[in-house]
Amino acid sequence: MQAALEITARYCGRELEQYGQCVAAKPESWQRDCHHLKMSIAQCTSAHPVIRQIRQACAEPFEAFEECLRKNEAAVGNCAEHVRRFLQCAEQVQPTHASSTAEAQPLPAS
């Protein structure tokens, strides 16, 4: 499993499960009807330093993924490439031990 999802599942598993169930149950209206659960995941993950690093270092591909979801609400499968790019970025983020997460950057491609 990809790094970002592993961390989210480890520290925010209950919230992630509830959101996933809501999205699956409401394919036509998940964005509206499950928004409160999405926010609970965001609140949970905002407390975790590695997730904060991923959010900062991979903000651009994540925003592109979210925009794709908004445009393809009834066909989220159209966003597979966007999620692949975000997860590829997230896997390259190395946790830093500094007190500031502002220094987190993806690793350069080898």
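As a basis for the values below, the full set of heavy atoms in this structure was taken, side chains included, without hydrogen atoms, waters or symmetry mates. Not measured: the values here are computed from a predicted model.
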Side chain to side chain contact (heavy atoms under 4.5 Å, CB included) involving Ala64 - partner list, sequence neighbours excluded:
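In terms of side chain to side chain contact (heavy atoms under 4.5 Å, CB included), with neighbours along the sequence ignored, Ala64 is linked to His82.
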Sequence neighbours left out, what passes salt bridge (Lys or Arg N to Asp or Glu O under 4.0 Å) with [X]? Give chain and number order.
X	result
Glu81	Arg84, Arg85
Arg32	none
Glu66	Lys38

Contact summary for [X] and [Y], nearest pair of heavy atoms:
X	Y	value
Leu16	Ile41	CA-CD1, 3.7 Å
Ala57	Cys89	O-SG, 3.8 Å
Asn72	Cys79	ND2-SG, 4.0 Å

For Glu60, does the CD atom have more than 12 heavy-atom neighbours from other residues, nucleotides or ligands under 6.0 Å away?
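No, CD of Glu60 has 12 or fewer neighbouring heavy atoms, counting only those of other groups under 6.0 Å.
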Under 3.5 Å donor-acceptor pairs involving side-chain atoms of residues 20-30, not counting sequence neighbours:
{"residue": "Gln21", "atom": "NE2", "partner": "Glu17", "partner atom": "OE2", "Å": "2.9"}
{"residue": "Ser29", "atom": "OG", "partner": "Asp33", "partner atom": "OD2", "Å": "2.6"}
{"residue": "Trp30", "atom": "NE1", "partner": "Glu73", "partner atom": "O", "Å": "2.9"}

Nearest 0.5 Å please: distance from the SG atom of Cys58 over to the CD atom of Glu91.
10.0 Å
Rounded to the nearest 0.5 Å, what separation is found between the CD atom of Glu15 and the OG atom of Ser40?
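Here the rounded value is 5.0 Å.
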Under 3.5 Å, is there a donor-acceptor pair between the Thr45 and Arg55 side chains?
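A donor-acceptor contact under 3.5 Å links the two side chains.
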Could you pull out all residues at least two apart from Phe62 that satisfy ring-ring contact (aromatic ring centres under 6.0 Å, His included)?
Phe86
